[in-house]
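Report on the structure given below.
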Amino acid sequence: MSARYSIFSLIRNALAYHEDWPAAWRSVEPKPAYDVVIVGGGGHGLATAYYLAKELGVRNVAVIERGWLGGGNTGRNTTIVRSNYLWDESAALYEHAMKLWEGLSQELNYNVMFSQRGVLSLAHNQHDLRAQARQSHANRLGGIDSELLSPAQIKAMVPIMDLRAGGRYPVLGGALQRRGGTARHDAVAWGYARGADALGVDIIQECPVHGFRIANGQVQGIETAKGFIQAGKVGLAVAGHSGVMANLAGFRLPITSQPLQALVSEPIKPVLDTVIMSGAVHAYISQSDKGELVIGAGADRYVGYGQRGSMQVSEDTVSAICELFPSFRRLRMMRQWGGIVDICPDASPIIGKTPVDGLYINCGWGTGGFKATPGSGWVFAQTIAHERPHDLNAAFSMDRFRTGYLIDEHGAAGVAH
Ligand code: FAD
Ligand code: PYC
């Protein structure tokens with residue numbers, strides 16, 4: 001069991017030249033059988049295992065990750081956290097996640113660096129203004145904080161932004177969620193991993209899942225690079241590879257997998273203390289604690305599994321950012337990468353049962369699932385333990401593509417797709 005982190009353990013370990021810190025989680029070989037196996041060691045999979053063990057007493061659990069923890073979209077995203085979605089079903093789910101974020105560092109005894117610095121979405125035309133007003137009113141009716149700002153208020157808040165934006169993207173207003181912000185992406189994966197491990201969950205890395213053993217419509221376990229692992233319940237949280245996994249289990253998902261990319265500048269002194277998003281120009285930007293500008297772009301318009309994204313998309317995004325922030329033109333970019341996001345036709349996730357008994361799926365978070373990590377793991381754990389969806393995720397079943405009760409969140413998704 002890992003040691004509790006505190007000022008005292010910090011001092012004790014400083015005196016020992018930081019050579020005695022215990023590993024944050026155990027490195028184990030898989031047991032032959034578990035009650036529940038979670039495939040995917042990103043934030044959603046690890047949070048699911050943590051809440052299964054912590055809230056529901058299900059501790060004979062393994063998380064199986066093909067690479068390293070957080071090496072998928074969890075460690076590749078631009079870490080924007082907010083809960084200002086349009087429809088009641090989504091707003092309730094993301095707000096549940098927001099409330100968990102607000103206590104997460106204490107809950108996990110791990111600093112996930114959740115910083116509620118505000119998320120400001122810009123409006124560049126009359127349509128944006130009207131859509132933002134509709135969404136902001138819906139949020140406030142649902143008890144979620146949201147403010148509509150005038151250009152003068154935005155200028156006062158973000159003085160380095162050029163509201164004329166070269167004449168191409170004039171800023172006519174914006175919607176602000178002050179409780180929104182950012183968190184440290186890999187700390188979220190590591191914090192949940194450490195918490196789950198301390199409760200007895202086995203975390204197995206470098207172990208790709210190749211297939212499923214299914215008999216009479218019921219899952220029996222998974223085939224992995226380390227052999228067969230038996231489990232009566234299997235939860236999939238593999239983001240961009242959800243379609244591949246579903247195919248191996250014999251069913252299809254209504255999703256496309258597309259590259260989404262981000263890039264980071266050289267570090268500079270603090271210039272931006274909030275998160276700026278613009279769905280219309282496909283760009284979002286914040287400044288990390290290290291001083292780097294973290295910039296995100298739109299999704300590539302084709303299906304792909306290359307974790308880089310296309311040049312034309314980054315070029316469009318950087319040119320939009322430079323028109324909004326002319327002083328950033330002189331900055332050099334340090335790193336660029338992509339992640340594969342799984343997008344549903346209504347830009348909302350699927351969390352629930354699959355056509356295979358005992359096999360559950362959590363996918364379709366598209367460009368916006370990081371913010372949902374604690375809430376997603378929490379409801380997925382409830383769904384797996386009780387073998388039925390929790391009220392918060394009941395509307396997010398696969399069945400909605402048959403009944404037509406879609407939850408269209410393209411507008412709130414923040415990234416054009
Ligand atoms: P992942 O972190 O991708 O975890 C899935 C894991 O499954 C991976 O580690 C993978 O290796 C593993 N896996 C896959 N196949 C197998 C297999 N066969 N066997 C075993 N393991 C397997 N969301 C926001 O809310 N805010 C943002 O600002 C934001 N920005 C983004 C920017 C970019 C560039 C990208 C790519 C995404 C962004 N997102 C954002 C979306 C967000 O990152 C994802 O929705 C979220 O991180 C998904 O988490 P996850 O745990 O489901 O997936
Ligand atoms: O969903 O807020 C979001 C988001 C921002 C950037 C990518 N996704």
Side-chain angles (χ1 to χ4, degrees), residues 37-48 63-85 94 97 101 119 121 177 180-183 185-186 188-189 192 204-212 222-225 236-245 248 257-264 275-279 282-286 294-300 305 307-309 313-314 317 336-343 347 349 351 361-373 376-377 380 409 412-417:
V37 163
I38 304 294
V39 184
H44 290 229
L46 291 161
T48 305
V63 176
I64 310 293
E65 165 56 45
R66 72 172 177 173
W68 65 95
L69 300 188
N73 291 344
T74 298
R76 293 167 183 271
N77 83 97
T78 48
T79 78
I80 299 175
V81 175
R82 55 190 175 84
S83 60
N84 51 358
Y85 279 66
Y94 288 100
W101 278 114
V119 175
S121 304
Q177 184 176 27
T182 56
H185 44 18
D186 36 25
V188 175
Y192 274 120
I204 294 136
Q205 300 180 72
E206 297 183 333
C207 182
V209 174
H210 296 146
F212 301 91
I222 54 172
E223 305 285 358
T224 80
L236 302 177
V238 293
H241 287 80
S242 306
V244 177
M245 283 283 124
L248 291 172
S257 296
Q258 290 160 241
L260 180 70
Q261 60 177 294
L263 53 166
V264 158
V275 181
I276 305 292
M277 296 181 65
S278 169
H282 307 190
Y284 34 102
I285 182 164
S286 65
V294 180
I295 297 172
D300 280 1
Y305 289 92
Q307 289 179 310
R308 15 176 216 282
V313 171
S314 30
T317 295
Q336 182 271 358
W337 65 89
I340 309 307
V341 296
D342 49 343
I343 304 176
I351 320 161
I361 194 154
N362 180 337
C363 70
W365 292 95
T367 59
F370 178 71
K371 68 177 76 61
T373 305
S376 160
F380 200 37
E409 290 291 1
V415 178
H417 16 45

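One-based numbering, in listed order, for ligands and for the atoms of each.
Among the atoms of G339, none of the N or O lies under 3.5 angstrom from an N or O of ligand 1.
Looking at atom 21 (N) of ligand 1, its nearest protein heavy atom turns out to be R66 N, 3.1 Å. Summary of contacts: the protein heavy atom closest to atom 45 (O) of ligand 1 is G369 N, 2.9 Å. When hydrogens are left out, the protein atom nearest atom 43 (O) of ligand 1 is N77 CB, 3.1 Å; that is the closest non-hydrogen contact.
When the heavy-atom distances from atom 42 (C) of ligand 1 to Y192, W337, F370 are ranked, the shortest goes to F370. Nearest-residue assignment for atom 18 (N) of ligand 1 (options M245, Q307, M277, H241; heavy-atom criterion): M245. Proximity annotation for atom 33 (C) of ligand 1: of V63, L260, V238, T224, L260 comes nearest, heavy atoms only. Around atom 19 (N) of ligand 1, the closest heavy atom drawn from V209, V244, L248 belongs to V209. When the heavy atoms of T367, V119, I80 are ranked by distance to atom 7 (C) of ligand 2, first place goes to T367. The closest heavy-atom contact to atom 12 (C) of ligand 1, among the options K371, E65, Q336, comes from E65.
Taking the six-membered ring for Trp and thresholds of 30 and 60 degrees, Y94 and Y85 have nearly parallel ring planes, at less than 30 degrees apart.
The proximity of L260 to ligand 2, defined as any non-hydrogen pair under 4.0 Å, does not occur for either the backbone or the side chain.
For the pair F212/L248, a side-chain contact is recorded, criterion being any heavy-atom separation below 4.5 Å from C-beta on.
Using a 4.0 angstrom heavy-atom cutoff, G296 does not count as in contact with ligand 1. Distances from ligand 2 to the non-hydrogen atoms of A413 include at least one value under 4.0 Å. The shortest heavy-atom distance from C363 to ligand 1 is not under 4.0 Å.
Although no hydrogens or angles enter the test, the distance criterion places no donor-acceptor pair under 3.5 Å between the side chain of T79 and the main chain of T182. Of the possible polar contacts, none joining the Q307 side chain to the I340 backbone as a donor-acceptor pair under 3.5 Å is found. At distances below 3.5 Å, not a single donor-acceptor pair connects side-chain atoms of S83 with backbone N or O atoms of A97. Side chain of Y284 to main chain of S278: no donor-acceptor pair is present (N/O by atom type, distance under 3.5 Å, no hydrogens or angles).
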Evaluation steps, side-chain contact (heavy atoms from CB on, under 4.5 Å), between I295 and T317
CA-CA 8 Å; I295 297 172; T317 295; 3.8 Å; yes

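Ligand 1 places these atoms under 4.0 Å from at least one heavy atom of T79: 27 (C), 28 (O).
Shown here is W68, whose CH2 atom has no more than 12 heavy atoms of other residues, nucleotides or ligands within 6.0 Å.
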